[in-house]
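Just dropping this structure here.
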Amino acid sequence: MEMIVCEQAHFSYFTRAGEVEVLRGVDMRIEQGTHVSIVGPSGAGKSTLLRLCAALDWPTKGNILVGDCDSTHKLRGVALARFRREQVGLVFQQF
């Protein structure tokens, strides 16, 4: 069973200088019970990808599926809080 699926996930933000594209069409499937490392140089989008999977941010385009939730970017209010409480666990480097 797939636990985390990213389908053409994009993430961008805007600055005064223009749009900054952080993730460009990420496709990823992680099966339940597997261990995965996300590695890359500083600024590659690793933390952004984790934030999208945890529904702390939403993709600019594409879709993120986690467990039984078919679109994390559609969650709001109580449903979002329940998803984070029951499906996600993060330990931040700095808090």
Side-chain angles (χ1 to χ4, degrees):
M1 177 177 152
E2 293 165 336
M3 192 62 188
I4 300 173
V5 177
C6 295
E7 299 172 331
Q8 283 297 299
H10 291 252
F11 185 79
S12 300
Y13 63 91
F14 293 89
T15 67
R16 290 182 182 163
E19 183 178 11
V20 177
E21 196 173 31
V22 180
L23 298 177
R24 297 181 190 125
V26 174
D27 285 315
M28 173 178 77
R29 296 187 182 288
I30 300 174
E31 301 290 329
Q32 185 174 348
T34 61
H35 296 276
V36 176
S37 296
I38 299 173
V39 297
S42 178
K46 302 177 300 291
S47 295
T48 300
L49 180 59
L50 291 175
R51 291 180 61 82
L52 294 178
C53 291
L56 297 173
D57 281 322
W58 290 270
T60 310
K61 289 190 267 184
N63 200 17
I64 309 288
L65 299 86
V66 179
D68 294 333
C69 179
D70 65 353
S71 293
T72 58
H73 68 280
K74 294 180 182 177
L75 296 172
R76 298 289 184 268
V78 174
L80 180 57
R82 184 179 305 117
F83 168 79
R84 289 178 180 155
R85 182 180 66 237
E86 295 174 0
Q87 299 291 323
V88 176
L90 294 176
V91 177
F92 296 97
Q93 288 179 321
Q94 299 172 351
F95 53 91

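Predicted, not measured: the structure shown is a model, and the values here were computed from it.
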Would Met28 and Val39 show up in the same hydrophobic cluster when neighbours are defined by side-chain heavy atoms closer than 4.5 Å?
->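 Shared cluster, no.
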
Can you name the side-chain contact (heavy atoms from CB on, under 4.5 Å) partners of Thr15, sequence neighbours left out?
->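 Tyr13, Ala17, Val20.
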
CD of Glu31 to CE of Met3, rounded to nearest 0.5 Å, is 11.5 Å

When rounded to the nearest 0.5 Å, the distance separating CD of Gln32 from CD1 of Ile4 is 10.5 Å

Under 3.5 Å, is there a donor-acceptor pair between the side chain of His10 and the main chain of Gly25?
-> yes

Only one of Ile30, Leu52, Asp27, Leu49 clears side chain to side chain contact (heavy atoms under 4.5 Å, CB included) with Cys6; which?
-> Leu49

Per-pair distances, 0.1 Å, donor-acceptor, side chain in residues 80-90, under 3.5 Å, sequence neighbours excluded:
residue	atom	partner	partner atom	Å
Arg84	NE	Ala55	O	3.2
Arg84	NH2	Ala55	O	2.4

Under 3.5 Å, which donor-acceptor pairs link side chains of residues 56-66 to any protein atom two or more places apart or in another chain?
residue	atom	partner	partner atom	Å
Asp57	OD2	Arg51	NE	2.8
Trp58	NE1	Thr72	O	3.2
Thr60	OG1	Ser12	N	2.8
Asn63	OD1	Ser71	OG	3.3
Asn63	OD1	His73	ND1	3.4
Asn63	ND2	Asp70	O	3.1
Asn63	ND2	Ser71	OG	3.4

